[in-house]
Amino acid sequence: MIDTVLDQISPEDLEWVYPHEHLLICMREFEGESIGDYPGNLEYARRDIVRMLQEVRGYGVNGFADPTPIGIGRDDAYVRLARSVSQATGVHIFLSTGLYVSRNWPRWAMEETAAQIGERFCAEFERGIGETGARPTFLKAAVDGEVGANEEKALTACAYAHCRTGAAVHVHATCSRRAVFDVLTGSGVNPSRIYIAHADMNTSESEFLWLAERGVRLVMTNWDFPYHMDQEEARRLVRVLIDAGHIDKILISIDFALTLESRWTVGRFTWDNPDRTSYGYLHTGVLPRLRNAGISDAELQVIMHDNPIEMVRRK
């Protein structure tokens with residue numbers, strides 16, 4: 001059974017699943033503020049999220065993995081938001097526990113050891129997030145540069161919790177991916193439970209194959225950001241992985257989010273693409289181009305159904 005924000009479901013209940021999208025990012029949480037401190041904007045965002053989830057429900061999507069971690073919005077109020085939009089749309093929402101980059105850490109994360117932080121993550125799997133009772137589904141860490149002391153601590157904390165819970169480790173990794181692999185596997189994580197998010201940012205065929213050959217799952221999210229990577233090359237790499245027997249290593253999402261900027265502003269991650277204004281852009285913009293590049297509907301079924309379900313299952 002798989003934990004959602006509402007209850008537990010069977011894998012058989014899931015259709016297509018988005019493996020890396022956010023409901024509402026709030027960078028102010030590490031400063032001590034919650035999305036619950038902005039009730040007007042929160043309700044505005046909730047209505048917009050419901051509309052967007054209803055859109056993707058029409059495309060046959062009923063699973064939504066949200067890797068928003070502690071420090072950038074994920075608190076009790078966030079759980080209540082996730083529950084509300086899930087009830088309104090019928091989309092199963094999977095939350096994470098973990099930490100983003102260290103500049104967004106709460107003070108306790110800076111002061112505690114990796115094992116102590118790992119115990120906090122385990123407590124959420126065992127008792128739920130805060131006072132909500134809702135359990136996370138997977139773990140999250142972030143590496144935006146070199147793997148320094150803080151990055152190693154966060155990764156080791158995730159490995160600690162993984163070894164006790166069986167939850168997948170989902171890593172925001174814009175570089176240093178082999179170092180991430182070394183830290184996690186050196187701390188006992190099976191490579192097949194490592195999910196490298198933004199794997200298509202500043203990468204190469206050799207790096208894709210190096211990771212895939214070792215069992216790592218690659219979450220491609222940077223579609224139609226040509227300044228991150230040539231998009232024809234990104235689509236070609238999907239074909240390369242499939243032809244090399246690694247279709248089970250590919251996950252596709254667009255990393256879309258609403259953002260709570262202040263009491264006056266709710267924004268959205270468009271990344272300078274005026275067409276990329278909702279979760280549905282994956283279906284209206286990304287998938288048609290992948291089909292034109294030769295990715296079949298049968299292959300997309302594996303990528304959008306089978307592979308993300310493996311991510312949210314505990315093993």
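Side chains are part of it too, since the values below use all heavy atoms of this structure and drop only hydrogens, waters and symmetry mates.
Within the 3.5 Å criterion, the main-chain N or O of Pro69 finds no donor-acceptor partner in the side chain of Tyr78. Side-chain atoms of Asp230 come within 3.5 Å of backbone atoms of Glu233 as a donor-acceptor pair (strictly under, hydrogens ignored). Listed for the Lys153 side chain is a donor-acceptor partner under 3.5 Å among the backbone atoms of Met110. At distances below 3.5 Å, at least one donor-acceptor pair connects side-chain atoms of Asn62 with backbone N or O atoms of Asp13. Judged by distance alone, with hydrogens and angles left aside, the side-chain atoms of Arg74 form no donor-acceptor pair with the main-chain N or O of Thr68 at under 3.5 Å. In this structure a side-chain-to-backbone donor-acceptor pair under 3.5 Å is missing from Asn104 to Gly71. Between the side chain of Thr132 and the backbone N or O of Ala134 there is at least one donor-acceptor pair closer than 3.5 Å. Here the side chain of Glu124 pairs no donor or acceptor atom with the backbone of Ile129 at under 3.5 angstrom. Put simply, the side chain of Arg239 never gets that close to the backbone of Ala293: no donor and acceptor are under 3.5 Å apart. Judged purely by atom type and a 3.5 angstrom limit, Thr270 has no side-chain atom pairing as donor or acceptor with the backbone of Thr277.
Applying the ring-ring contact (aromatic ring centres under 6.0 Å, His included) test to residues at least two apart or on different chains, the pairs with a partner in residues 131-166 are Phe138-His170. For residues 51-66, every residue pair satisfying the salt bridge (charged side-chain N to carboxylate O under 4.0 Å, His left out) rule, not counting sequence neighbours, is listed here: Glu15-Arg57, Asp48-Arg51. The ring-ring contact (aromatic ring centres under 6.0 Å, His included) pairs that include a residue from residues 52-76 are Tyr59-His283, Phe64-Tyr279, where partners are two or more places apart or lie in different chains. Listed by first and then second residue, the ring-ring contact (aromatic ring centres under 6.0 Å, His included) pairs involving residues 92-128 are Tyr100-His172 (not counting sequence neighbours).
No side-chain heavy atom of Leu251 sits less than 4.5 Å from a side-chain heavy atom of Leu218. Side-chain contact between Val238 and Ile295: present, with at least one pair of heavy atoms (C-beta onward) separated by less than 4.5 Å. Glu205 has its side chain within reach of Arg236: a pair of non-hydrogen atoms, C-beta onward, lies under 4.5 Å apart. The side-chain heavy atoms of Val17 and Ile309, taken from C-beta on, include a pair separated by under 4.5 Å. Between Glu213 and His246 the shortest side-chain heavy-atom distance falls below 4.5 Å. Residues Met1 and Asp7 are not in side-chain contact: their nearest non-hydrogen atoms beyond the backbone lie 4.5 Å or more apart. Side-chain atoms of Cys158 and Lys140, non-hydrogen and from C-beta on, never get closer than 4.5 Å to each other. The closest side-chain heavy-atom distance from Arg314 to Thr165 is below 4.5 Å.
Taking CG from Leu99 and CD1 from Ile70, the interatomic distance works out to 5.5 Å, rounded to the nearest 0.5 Å. A distance of 12.5 Å separates CG in Asp224 from CG in Asp272, rounded to the nearest 0.5 Å. Once rounded to the nearest 0.5 Å, the distance linking SG of Cys175 with CG of Asn202 reads 8.0 Å. A distance of 4.5 Å separates CD1 in Ile194 from CG in Leu184, rounded to the nearest 0.5 Å. Taken from OG1 in Thr185 to CG in Asn190, the straight-line distance is 9.5 Å, to the nearest 0.5 Å. Within the model, atoms OG1 of Thr265 and CG of Leu260 stand 8.5 Å from one another, a figure rounded to the nearest 0.5 Å.
With sequence neighbours excluded, the residues satisfying side-chain contact (heavy atoms from CB on, under 4.5 Å) with Arg127 are Ala123. Remark: Arg120 engages Glu112 in a salt bridge (charged side-chain N to carboxylate O under 4.0 Å, His left out) (not counting sequence neighbours). Under the salt bridge (charged side-chain N to carboxylate O under 4.0 Å, His left out) criterion, Arg217 pairs with Asp248, not counting sequence neighbours. The salt bridge (charged side-chain N to carboxylate O under 4.0 Å, His left out) check on Glu152 picks up nothing, with sequence neighbours excluded. With sequence neighbours left out, Thr113 forms a side-chain hydrogen bond (donor to acceptor under 3.5 Å, both in side chains) with Gln116. Under the rule for a side-chain contact (heavy atoms from CB on, under 4.5 Å), the partners of Asp255 that lie at least two apart in sequence or sit in another chain are His20, His22, His198, Thr221, Arg276. Judged as a salt bridge (charged side-chain N to carboxylate O under 4.0 Å, His left out), and not counting sequence neighbours, the contacts of Glu126 are Arg164.
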Side-chain donor/acceptor pairs under 3.5 Å, residues 36-47, sequence neighbours excluded:
residue: Asp37; atom: OD2; partner: Ser34; partner atom: N; Å: 2.9
residue: Tyr38; atom: OH; partner: Arg28; partner atom: NE; Å: 3.1
residue: Tyr38; atom: OH; partner: Glu33; partner atom: OE1; Å: 2.0
residue: Asn41; atom: ND2; partner: Ser262; partner atom: O; Å: 2.8
residue: Asn41; atom: ND2; partner: Arg263; partner atom: O; Å: 3.0
residue: Glu43; atom: OE1; partner: Arg46; partner atom: NE; Å: 3.0
residue: Glu43; atom: OE2; partner: Arg46; partner atom: NH2; Å: 3.1
residue: Glu43; atom: OE2; partner: Arg47; partner atom: NE; Å: 2.8
residue: Arg46; atom: NH1; partner: Ser84; partner atom: OG; Å: 3.4

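Other residues, nucleotides and ligands place no more than 12 heavy atoms under 6.0 Å from the CD atom of Glu131. By the 6.0 Å contact criterion, CD on Gln8 is enclosed, its count of non-hydrogen atoms from other residues, nucleotides or ligands being greater than 12.
The two atoms that bring Ser176 and Gly145 nearest to each other are OG-O, 2.6 Å, heavy atoms only. Heavy atoms only, all atoms of each residue included: Arg214 and Trp210 are closest at NH1-O, 2.8 Å. What you find for Val312 and Ile2 is that their closest heavy atoms are O-CG2, 3.5 Å. Gly188 and Cys163 get closest at one heavy-atom pair: O-SG, 3.8 Å. Contact record, Thr284 with Pro288: O-CG, 3.6 Å, taken as the closest heavy-atom pair. The minimum heavy-atom distance linking Phe256 with Glu21 is given by the pair N-OE1, 2.6 Å.
With no hydrogens or angles considered, no side-chain donor-acceptor pair links Thr137 and Asp3 at under 3.5 Å. In this model, no donor atom of one side chain and acceptor atom of the other lie less than 3.5 Å apart for Thr89 and Gln54.
Ion pairing between Arg291 and Glu299 fails under the 4.0 Å rule for side-chain N and carboxylate O.
If you chain together hydrophobic residues whose side chains sit under 4.5 Å apart, Met311 and Leu282 never meet in one group. Met201 and Trp271 sit in two unconnected hydrophobic clusters of ILVMFWY residues. Membership requires side-chain heavy atoms under 4.5 Å apart, directly or through other members.
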Could you walk me through whether Glu207 and Arg177 pass the salt bridge (charged side-chain N to carboxylate O under 4.0 Å, His left out) check? CA-CA 9 Å; Glu207 181 173 68; Arg177 296 170 183 123; 2.8 Å; yes
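Of the candidates Leu155, Val169, Thr156, Asp182, Thr156 is the only one forming a side chain to side chain contact (heavy atoms under 4.5 Å, CB included) with Ser187.
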